[in-house]
Amino acid sequence: MILCISPGYAKEVSAQRSEWTGVLSQLNGDLDPSSKNNVNIDLLKFYKEELSSITKEWAKQNNDKTSKSYSDKKNTFYMNSVEQKNKDEFLDLQKSAATATADIDEAFMQSVLDDASAYRFFDQSKTVATTAEIAIGFCFYKALMVHYFLLQRGVAQKHIKKIFAVGPLVYQPLVWKFHVAVAVQANGKTWVIDPLVKKLSTVDDWQKDLQTYSAEKPYPRLRFYATEPQKFLPNSKEYTWELIDHKKTKKYNPEFLSYLKKKGQPKN
């Protein structure tokens, strides 16, 4: 069977790609070559490797598998091991934030969060979306929007980060493999702008909020990774048209470019 693509449809896709080119160019701008590894790493794969390493360390403990406390000890060991890695990750983030001299008002960051939260990532007339999907789903696109609004409103790329939470998360009845949000380093702190949390948070408070969604409570082992803001997905590199136009992502944002225009974007 031969599929025929109408000239009108092809023209529409071409126009959309052209509009996205400018948006993606700004999002990917100022990516320091020394930070490429930070963006290119497959975080899902890296997370599995870290868990494998923790498993090997646990095997060295020689705990009695017949003990009633064996399961609790094992879960606690995994939780504490991941928590230590998170502490090291956030320590580096705190060090870089301490030297961040950007003077960015908290009310300004909250306004960016409000604008991103107002966008409907599901066309309710065409898609049946659950409350869970609306709340936690499609986080990587929400992060794209926050990132873009920050750039358009004058925040330098060097003051922006992304933080990925990798591991099973639950928002009943759905389970996710990861979550991502945008962080801004200003006034000596790291602030997280996340529509899921709905409030401007320090990175420490945001981490605590995210742990409540862990599927592994009461022994949460979500692993948090800070990256440069250009990283789109935990297992992808920087933003590309191919990722934007992928069948699994584009169906959720039919009016995204129109929404940008309503907000006076882009401002080249």
To the nearest 0.5 Å, tell me how far Asn235 CG sits from Leu44 CG. 4.5 Å
Candidates Trp206, Phe178, Phe164 - the one meeting ring pair (Phe, Tyr, Trp, His ring centres under 6.0 Å) with Phe224: Trp206
Quick one: does any side-chain atom of Gln157 pair with a main-chain N or O of Leu27 as donor and acceptor, under 3.5 Å? yes
Name the one of Thr76, Asn80, Val82 that satisfies side chain to side chain contact (heavy atoms under 4.5 Å, CB included) with Tyr219? Thr76
Is there a donor-acceptor pair closer than 3.5 Å between any side-chain N or O of Gln230 and the backbone N or O of Tyr239? no
Expected output: side-chain Lys217 to main-chain Thr212 donor-acceptor under 3.5 Å: yes
Spell out, as yes or no, whether a donor-acceptor pair under 3.5 Å connects the side chain of Asp105 to the backbone of Ala107. yes
Can you say whether the rings of Phe140 and Phe232 are parallel (under 30°), tilted (30 to 60°) or perpendicular (over 60°)? perpendicular
Any non-hydrogen side-chain atom of Lys158 less than 4.5 Å from a side-chain atom of Asp30? no
Identify the two heavy atoms, one from Ser111 and one from Arg153, that lie closest to each other, and give their separation to 0.1 Å. OG-NH1, 3.8 Å
Please find the pair of heavy atoms, one from Gln61 and one from Glu57, that lie closest to each other, and give the distance. NE2-O, 3.3 Å
Any Leu233 side-chain heavy atom under 4.5 Å of Leu43 side chain: no
I'd like to know whether Lys162 forms a salt bridge (charged side-chain N to carboxylate O under 4.0 Å, His left out) with Glu228, so could you lay out the CA-CA distance, the side-chain angles of the two residues, the decisive distance to 0.1 Å, and finally the verdict. CA-CA 6 Å; Lys162 275 192 184 157; Glu228 296 305 311; over 6 Å; no
Closest heavy-atom pair and its distance - Gln110, Lys198: NE2-O, 4.1 Å
Rounded at 0.5 Å granularity, tell me how far CG in Leu196 sits from CG in Asp209. 8.5 Å
Step by step, would you call Val146 with Phe149 a side-chain contact (heavy atoms from CB on, under 4.5 Å)? CA-CA 5 Å; Val146 170; Phe149 281 169; 5.9 Å; no
Taking every non-hydrogen atom, the tightest pair across Ala181 and Ile193: CB-O, 4.1 Å
Can you check whether Leu93's main-chain N or O pairs, donor with acceptor, with Gln185's side chain at less than 3.5 Å? yes
Decide whether Met79 and Leu51 are clustered together by the hydrophobic rule: side chain heavy atoms of Ile, Leu, Val, Met, Phe, Trp, Tyr closer than 4.5 Å, transitively. no
The reported gap from CG in Asp245 to OG1 in Thr240 (rounded to nearest 0.5 angstrom) is 9.5 Å
Is there a donor-acceptor pair closer than 3.5 Å between any side-chain N or O of Ser201 and the backbone N or O of Lys199? yes
Heavy-atom distance under 4.5 Å between the side chains of Tyr225 and Ile163, does that happen here? no
Side-chain heavy atoms of Thr227 within contact of Val39, under 4.5 Å: no
For the side chain of Ser214 and the backbone of Gln211, is there at least one donor-acceptor N/O pair under 3.5 Å apart? no
Heavy-atom distance under 4.5 Å between the side chains of Lys85 and Glu89, does that happen here? no
List the atom of Asn38, the atom of Ala226, and the distance in Å for their closest heavy-atom pair. ND2-O, 3.4 Å
One pair to check against side-chain contact (heavy atoms from CB on, under 4.5 Å): Leu210 and His179. What are the steps and the verdict? CA-CA 9 Å; Leu210 257 290; His179 183 67; 3.7 Å; yes
For side-chain contact (heavy atoms from CB on, under 4.5 Å), just list the numbers for His147 and Ile160, CA-CA rounded to whole Å, side-chain angles, deciding distance to a tenth of an Å, and then say yes or no. CA-CA 8 Å; His147 181 195; Ile160 306 172; 4.0 Å; yes
Go through it in stages, so that I can follow the logic: the residues are Val112 and Leu150, the test is side-chain contact (heavy atoms from CB on, under 4.5 Å), and I'd like the CA-CA distance, side-chain angles, deciding distance and then a yes or no. CA-CA 7 Å; Val112 172; Leu150 289 169; 4.0 Å; yes
Could you give the distance from CD (Glu242) to OG (Ser236), rounded to the nearest 0.5 Å? 12.0 Å
Under a 4.5 Å cut-off applied to non-hydrogen side-chain atoms, are Val155 and Ile104 in contact? yes
Decide yes or no for Val192 and Val197: does some side-chain heavy atom of the first lie under 4.5 Å from some side-chain heavy atom of the second? no
Taking it one step at a time, do Glu83 and Arg221 satisfy salt bridge (charged side-chain N to carboxylate O under 4.0 Å, His left out)? CA-CA 7 Å; Glu83 183 180 354; Arg221 57 175 85 162; over 6 Å; no
Can you label the angle between the Phe77 ring and the Trp58 ring as parallel, tilted or perpendicular, going by 30° and 60°? tilted
Would you check if the side chain of Thr21 reaches a backbone N or O of Arg17 as a donor-acceptor pair within less than 3.5 Å? yes
Give a yes or no on whether the backbone of Gln152 and the side-chain of Gln26 come within a donor-acceptor separation of less than 3.5 Å. no
Pro168 and Tyr47 have their tightest heavy-atom pair at CD-OH, 4.4 Å
Can a donor-acceptor pair be found between the side chains of Thr190 and Gln94 at a distance below 3.5 Å? no
Just by distance, do the side chain of Lys231 and the backbone of Ile41 share a donor-acceptor pair under 3.5 Å? yes
Test Asp204 against Thr202 for side-chain hydrogen bond (donor to acceptor under 3.5 Å, both in side chains), laying out the working first. CA-CA 5 Å; Asp204 290 334; Thr202 63; 5.4 Å; no
Spacing of Ser69 atom OG and Asn75 atom CG [to the nearest 0.5 Å]: 11.5 Å
Flag the pair Lys161 / Val182 as yes when at least one side-chain heavy-atom distance between them is below 4.5 Å, and no otherwise. no
Can you measure from OH (Tyr213) to CH2 (Trp176) and round to the nearest 0.5 angstrom? 11.0 Å
